[in-house]
Amino acid sequence: MFGLYKGIGSPMMGLTFINAIVFGVQGNAMRKLGKDTPLNQFLAGAAAGAIQCVICCPMELGKTRMQMQGTGEKKSSKKMYKNSLDCLVRIYKKEGIRGINRGMLSTVIRETPGFGVYFLSYDVLTRSLGCEPEDSYMIPKLLFAGGLAGIASWLSTYPVDVIKSRLQADGVGGVNRYSGIMDCVQQSWQKEGWRGFTRGLTSTLLRAFPVNATTFATVTLFLMYMRNDEGMKDCEIAPQALAPQQVQATSL
């Protein structure tokens, strides 16, 4: 049973900070951009996705290495890493900063447009569904919009995720197969064709819907609750501080 949760320590450590950075940066970027438009939603989401890579890349490296540990070995074999933190520490001691940031470029290429699509999709869907506070079906609508936004985000960048995962897994067992991103792309295409870039997509989408439905609904409801609190009014932009054309409802 524990095999199904292999590498869970790394996401447990990193996801709290990642979501804090993503929603914090996106919200502040929208305030800086001023006008709530689909393009600005994409740009703010892309900025959030790029910045959170600082945590996301090492976190996913630790998760990937922990999940790869013991593959093809006997059960009695001695484990190289005790846990995700030990894994990252050992990689750092052996390879330095460059080692724990393995796959950073491919992570940035995946996350920047991926989060742009993420927030754009959520904004479009919530507006289309009419997610108003007085609507008795608001929570199911938020869950539905968040789940579909997660799926749209993964579909838009999944081939890059495959390459990123292969680069981060490369070197396990002491053998390096790829010299870089393009080499990984070429070898994957030659051996597996286009299907190689969709490997694992089904399980990813099955995970994406409930995870992102819960994330977006929780953040949205929490913000609504806090903004209704008299003590949190100073966190909002005063309507008079915006130009008349900028005062409009937002998805959050």
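The basis for the numbers below is simple: all heavy atoms, side chains too, and nothing from hydrogens, waters or symmetry mates. Here the structure is a predicted model, which means the values were calculated and not measured.
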So, for [X] and [Y], which heavy atoms are closest and what is the spacing to 0.1 Å?
X    : Y    : value
W154 : L205 : CB-CD2, 4.1 Å
M66  : Y81  : SD-CB, 3.8 Å
K141 : G130 : NZ-O, 3.8 Å
Y178 : R166 : CE1-O, 3.9 Å
M12  : T16  : O-OG1, 4.4 Å
G196 : V162 : O-CG1, 3.5 Å

What's the spacing between [X] [atom1] and [Y] [atom2] if we round to 0.5 Å?
X    : Y    : atom1 : atom2 : value
E132 : M138 : CD    : CE    : 9.5 Å
S84  : Q69  : OG    : CD    : 9.5 Å
T64  : Q168 : OG1   : CD    : 5.0 Å
L143 : L148 : CG    : CG    : 11.0 Å
L88  : M59  : CG    : CE    : 10.5 Å
I151 : S121 : CD1   : OG    : 10.5 Å

### Message
Within a 6.0 Å radius of atom OH on Y158, are there more than 12 heavy atoms belonging to other residues, nucleotides or ligands?
### Response
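Above 12, so yes.
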### Query
Within a radius of less than 6.0 Å around OH of Y92, do more than 12 heavy atoms belonging to other residues, nucleotides or ligands occur?
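At most 12 heavy atoms, drawn from other residues, nucleotides or ligands, come within 6.0 Å of this atom.
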Mark yes or no for whether [X], through its side chain, and [Y], through its backbone, hold a donor-acceptor pair below 3.5 Å.
X    : Y    : answer
Q187 : C184 : no
T37  : N40  : yes
S156 : S153 : yes
D170 : R177 : yes

If hydrophobic clusters are built from ILVMFWY residues whose side chains come within less than 4.5 Å, do [X] and [Y] share one?
X    : Y    : result
L120 : L39  : yes
V54  : I21  : no
L221 : F23  : yes
V25  : I18  : yes
L129 : V124 : no

So do [Y] and [X] actually touch side chain to side chain, heavy atoms under 4.5 Å?
X    : Y    : value
T220 : M224 : yes
R199 : E192 : yes
F115 : Q26  : no

### Message
Is there a side chain to side chain contact (heavy atoms under 4.5 Å, CB included) between T112 and T157? Walk through the geometry before answering.
### Response
CA-CA 10 Å; T112 302; T157 57; over 6 Å; no
### Query
Are any of the side-chain nitrogens in R127 or D123 under 4.0 Å away from the carboxylate oxygens of its partner?
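A salt bridge is present here (some side-chain N lies under 4.0 Å from a carboxylate O).
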### Message
Under a 4.0 Å threshold between the charged nitrogen and the carboxylate oxygen, would E60 count as salt-bridged to R110?
### Response
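Salt bridge: yes.
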### Query
side-chain hydrogen bond (donor to acceptor under 3.5 Å, both in side chains): which pairs involve residues 203-217, sequence neighbours left out?
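Every pair satisfying side-chain hydrogen bond (donor to acceptor under 3.5 Å, both in side chains) with a residue in residues 203-217: Y118-N212.
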Side-chain donor-acceptor pairs under 3.5 Å in residues 97-109, sequence neighbours left out?
unit_1, atom_1, unit_2, atom_2, d
N101, ND2, I97, O, 3.1
R102, NH2, E95, OE1, 3.0
S106, OG, G103, O, 2.9
T107, OG1, G103, O, 2.7

